[in-house]
Amino acid sequence: MNIANILTVLRILIVPLFLLALFAAGGHDTGWRLGATALFAAAAITDRIDGQLARKYGLVTDFGKLADPIADKALIGAALIGLSTLGDLAWWITLVICAREIGVTLLRLVVVRRGVIPAGRGGKLKTLVQSLAIGVLLLPLSGMFETAGHLLMYLAVALTVVTGLDYVVQAARLWSGPVKRS
């Protein structure tokens, strides 16, 4: 265990606390929504920090490679499903984003013997825009702020689809190449 892995574990532990805050008092109490937003923001920020620390100080571990994407998907997935359950986000958006994440994970597993598909800039931008959109939609705001959150989410969906298609192209290239020998 190193600091990067501790932050990843902390992010995983924040997810159930985030959900408790999100659904407390019927899911639309201002205080609880602010608390849920703060927990989501803290978890999203630790995602950025743990990756930077791991790369900068050579703290990349097999545990981190496995746990970090699980923590990311748990946080984003929980937030999307929570917002849709509360009626604050259309279910089709949640389904598109979750299907893409599951699909990319399965693609990575299918081609792992031929190589690794690294996270690219598009994927990192997708995660950033998803996190910003979720953060805005979690806030107990209405009017133009709520509209801005939905517009950010539409951008996130577009990035989700485009980067998902990019993973399919990369997987096809790996699949048609030689098997990696260990």
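In this text the structure is predicted, and so the values were computed from the model without any measurement. Counting from 1, the numbers follow the sequence of the chain as shown.
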Inset, instruction - Before giving the answer on side chain to side chain contact (heavy atoms under 4.5 Å, CB included), spell out for Arg11 and Asp72 the whole-Å C-alpha distance, their side-chain angles and the decisive distance to 0.1 Å. - result: CA-CA 8 Å; Arg11 192 161 71 255; Asp72 297 344; 2.9 Å; yes
For [X] and [Y], work out which heavy atoms get closest and say how close.
X	Y	answer
Thr94	Leu80	OG1-O, 3.2 Å
Thr160	Arg100	O-NE, 3.2 Å
Leu137	Glu146	CD2-O, 4.0 Å
Lys126	Thr163	CD-OG1, 3.9 Å
Ala79	Ile134	CB-CG2, 3.6 Å
Gly64	Pro69	O-CD, 4.0 Å

Legend entry - Sidechain-backbone polar pair: Thr46 side chain, Ala43 backbone, donor-acceptor under 3.5 Å: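 Such a contact is found between Thr46 side chain and Ala43 backbone.
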To the closest 0.5 Å, what do you measure between [atom1] ([X]) and [atom2] ([Y])?
X	Y	atom1	atom2	answer
Leu165	Gln170	CG	CD	11.5 Å
Leu10	Asn5	CG	CG	12.5 Å
Ile6	Leu13	CD1	CG	11.5 Å
Leu128	Leu132	CG	CG	4.5 Å
Leu22	Leu86	CG	CG	5.0 Å

Look at atom [atom1] of [X] and say whether more than 12 heavy atoms of other residues, nucleotides or ligands are closer to it than 6.0 Å.
X	atom1	value
Met1	CE	yes
Phe63	CZ	yes
Trp175	CH2	no

Check whether [X] and [Y] end up in the same hydrophobic cluster, where Ile, Leu, Val, Met, Phe, Trp and Tyr are linked by side-chain heavy atoms less than 4.5 Å apart.
X	Y	result
Trp91	Leu89	no
Leu19	Leu138	yes
Leu83	Val136	no
Leu75	Ile12	no
Val161	Val169	no

Inset, instruction - Give the intermediate values and the outcome of side chain to side chain contact (heavy atoms under 4.5 Å, CB included) for residues Ile45 and Arg48. - result: CA-CA 5 Å; Ile45 290 167; Arg48 182 81 174 157; 5.6 Å; no
Inset, instruction - Please step through salt bridge (charged side-chain N to carboxylate O under 4.0 Å, His left out) for the pair Asp88 and Arg33, ending with a clear verdict. - result: CA-CA 12 Å; Asp88 296 334; Arg33 283 299 279 261; 2.9 Å; yes
[X]: side-chain contact (heavy atoms from CB on, under 4.5 Å) partners, not counting sequence neighbours:
X	answer
Ala25	Asp29, Trp32
Ala171	Leu107, Val111, Ile117
Thr30	Leu34, Pro140

Legend entry - Derivation of the side chain to side chain contact (heavy atoms under 4.5 Å, CB included) call for Val15 and Leu39: CA-CA 8 Å; Val15 172; Leu39 286 166; over 6 Å; no
N/O donor to acceptor pairs below 3.5 angstrom from side-chain atoms of residues 147-159, sequence neighbours left out:
{"from": "Thr147", "atom 1": "OG1", "to": "Gly143", "atom 2": "O", "distance (Å)": "3.1"}

Inset, instruction - Compute whether any side-chain donor of one residue and acceptor of the other, for Asn2 and Thr61, lie under 3.5 angstrom apart. - result: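 Short answer, no.
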Inset, instruction - For the residue pair Arg108 and Tyr167, confirm or rule out a side-chain donor-acceptor distance under 3.5 Å. - result: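 Indeed, the side chains of Arg108 and Tyr167 share at least one donor-acceptor pair under 3.5 Å.
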Inset, instruction - Apply side chain to side chain donor-acceptor pair (under 3.5 Å) to Lys124 and list each qualifying residue two or more places apart in sequence or on a separate chain. - result: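 Residues passing side chain to side chain donor-acceptor pair (under 3.5 Å) with Lys124: none at all.
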Enumerate donor-acceptor pairs with a distance under 3.5 Å from any side-chain N or O in residues 53-60 to protein atoms, sequence neighbours excluded.
{"from": "Arg55", "atom 1": "NH1", "to": "Gly51", "atom 2": "O", "distance (Å)": "3.3"}

